[in-house]
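Only one structure is covered here, and it is reproduced in the block below.
The structure displayed is predicted, hence computed values, not measured ones. For the numbers below, each heavy atom of this structure counts, side chains included, while hydrogens, waters and symmetry mates do not. Atoms within each ligand, like the ligands themselves, are counted from 1 in listed order.
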Amino acid sequence: LSVWSAVPSGPPDPILGVTEAFKADKDPRKINLGVGAYRDGNGKPYVLSSVKKSEERILTSHPEKEYLPITGLGSFTQNAAKLAYGEDSAPLKAGAVAVTQSISGTGALRIGGAFLARHYPNAKSIYLPTPSWGNHTPIFRDSGLEVRQYRYFDKETVGLDFAGMVADLKAAPENAIVLLHACAHNPTGIDPTVEQWKELSDLIQEKKLFPFFDMAYQGFASGSTSRDAFALRHFVSQGHQVALAQSFAKNMGLYGERCGAFSLTTADAEEKARVDSQLKIVIRPMYSNPPMHGALIANGILSDPALYSEWEGEVKGMADRIISMREKLYTTLNDLNTPGEWGHIKSQIGMFSFTGLTKPQTQALAEKAHVYMTADGRISMAGLNGNNIDYFSESVSKAVK
Ligand SMILES: Cc1ncc(COP(=O)(O)O)c(CN[C@@H](CCC(=O)O)C(=O)O)c1O
């Protein structure tokens, strides 16, 4: 009897499994709107020119292949924190932000979950929005935290259930951990307004909840890195201590390089040093130290004003193309007299649109029209372009009629 004879076959990943199904489909009309990965106007993956330039430079400026420190490339983590918190951030200027490189955004969330499970001095429960990114629950559950929910999406209005969110956060026990999508909520594409973020900051302060920001799309949502960081920066300016997971997968197109950062704001430089030492103890047995290539590329951009402004232009270009696809899709669906309200496709922000298509409709679209999206009706807007948006709209129109 084999050692593994009792191992059951597990289900495909709800997001990454869609790409597997798409790849297996041989129909030339097929469209992949599953994984949140940017595609250009011709449906091709897009390597940013600022990334190419930065990569060329490091081939000569950084040829060696030595280990990085456990917390990664120091210049990268400093620059990543500056990008997120802003140059004039008080804790950053006080040397009180503990930052470590991570295996992209997923790794940052996992380090955060593991650190909180080991050192958070209160009840170790984390509240996630309903719905949230599919991997959040497994990451925090496997980190040893108790996963709970707060209301977020209102099916009736296809908008934010702000009253429900506030009620659930008010009902949460004091000091509970709250995961907040800093911008471009996944999968709904619905973000709180500036006013609502301010209300949330007051409420979370009142209830002594601990905010854990997941910022996987900074710059990619609105096209502005500072606008997309508003919620995080407002909370910090209001005196919250926060945890932050950053990803450079989407905004720098570094998907497979696995480039990210995890940070915690602390009381002062002395406390930051203690927190740093414990972050190293969490990370060392996890993967010891992180991959160098992506961090060198990202740091080459963040530390060079010319490359930085080129990059900001490119990330805005990606955001703008997605916004134009939103407008085109809205118009085309209406021109086809598609039943239902489609305004949310335009009002939502970031990589995804939460279409409202039901699970059977998404299955029919995959089987009959070879259009692939996640079962909850989320579509990655970047998968649409001038060559496939009409076919997509006709397919959706048929599926809902
Ligand atoms: C909110 C959120 N946080 C973190 C991540 C982690 O991204 P990293 O690649 O680890 O930096 C994603 C990526 N979610 C995308 C990409 C595919 C996936 O990993 O699920 C998605 O939802 O399609 C995300 O949407």
Is it true that Asp202 and Lys198 have a side-chain N and a carboxylate O under 4.0 angstrom from each other?
-> no
Asp161/Lys155 ion pair, N-O < 4.0 Å | no
Ligand 1 polar-atom proximity to protein (N/O, under 3.5 Å):
from: ligand 1; atom 1: 3 (N); to: Asp214; atom 2: OD1; distance (Å): 3.4
from: ligand 1; atom 1: 3 (N); to: Asp214; atom 2: OD2; distance (Å): 2.7
from: ligand 1; atom 1: 7 (O); to: Lys250; atom 2: NZ; distance (Å): 3.0
from: ligand 1; atom 1: 9 (O); to: Arg258; atom 2: NH1; distance (Å): 2.9
from: ligand 1; atom 1: 10 (O); to: Gly105; atom 2: N; distance (Å): 3.4
from: ligand 1; atom 1: 10 (O); to: Thr106; atom 2: N; distance (Å): 2.9
from: ligand 1; atom 1: 10 (O); to: Thr106; atom 2: OG1; distance (Å): 2.6
from: ligand 1; atom 1: 10 (O); to: Arg258; atom 2: NH2; distance (Å): 2.9
from: ligand 1; atom 1: 11 (O); to: Ser104; atom 2: OG; distance (Å): 2.6
from: ligand 1; atom 1: 11 (O); to: Gly105; atom 2: N; distance (Å): 2.8
from: ligand 1; atom 1: 11 (O); to: Ser247; atom 2: OG; distance (Å): 2.7
from: ligand 1; atom 1: 14 (N); to: Trp133; atom 2: NE1; distance (Å): 3.3
from: ligand 1; atom 1: 20 (O); to: Trp133; atom 2: NE1; distance (Å): 2.9
from: ligand 1; atom 1: 22 (O); to: Trp133; atom 2: NE1; distance (Å): 3.3
from: ligand 1; atom 1: 22 (O); to: Asn186; atom 2: ND2; distance (Å): 2.8
from: ligand 1; atom 1: 22 (O); to: Arg378; atom 2: NH1; distance (Å): 2.8
from: ligand 1; atom 1: 23 (O); to: Gly36; atom 2: N; distance (Å): 2.7
from: ligand 1; atom 1: 23 (O); to: Arg378; atom 2: NH2; distance (Å): 2.9
from: ligand 1; atom 1: 25 (O); to: Asn186; atom 2: ND2; distance (Å): 2.7
from: ligand 1; atom 1: 25 (O); to: Tyr217; atom 2: OH; distance (Å): 2.7

Should the ring pair His136 and Trp133 be called parallel, tilted or perpendicular, given that the plane angle runs from 0 to 90° and is split at 30 and 60?
-> perpendicular
Assign the ring pair His185 / Tyr152 to parallel, tilted or perpendicular, where the plane angle (0 to 90°) is split at 30° and 60°.
-> parallel
Could you grab the distance from atom OH of Tyr255 to atom CZ of Phe248, nearest 0.5 Å is fine?
-> 14.0 Å
Do you see a donor-acceptor pair shorter than 3.5 Å between the side chains of Tyr372 and Asp25?
-> yes
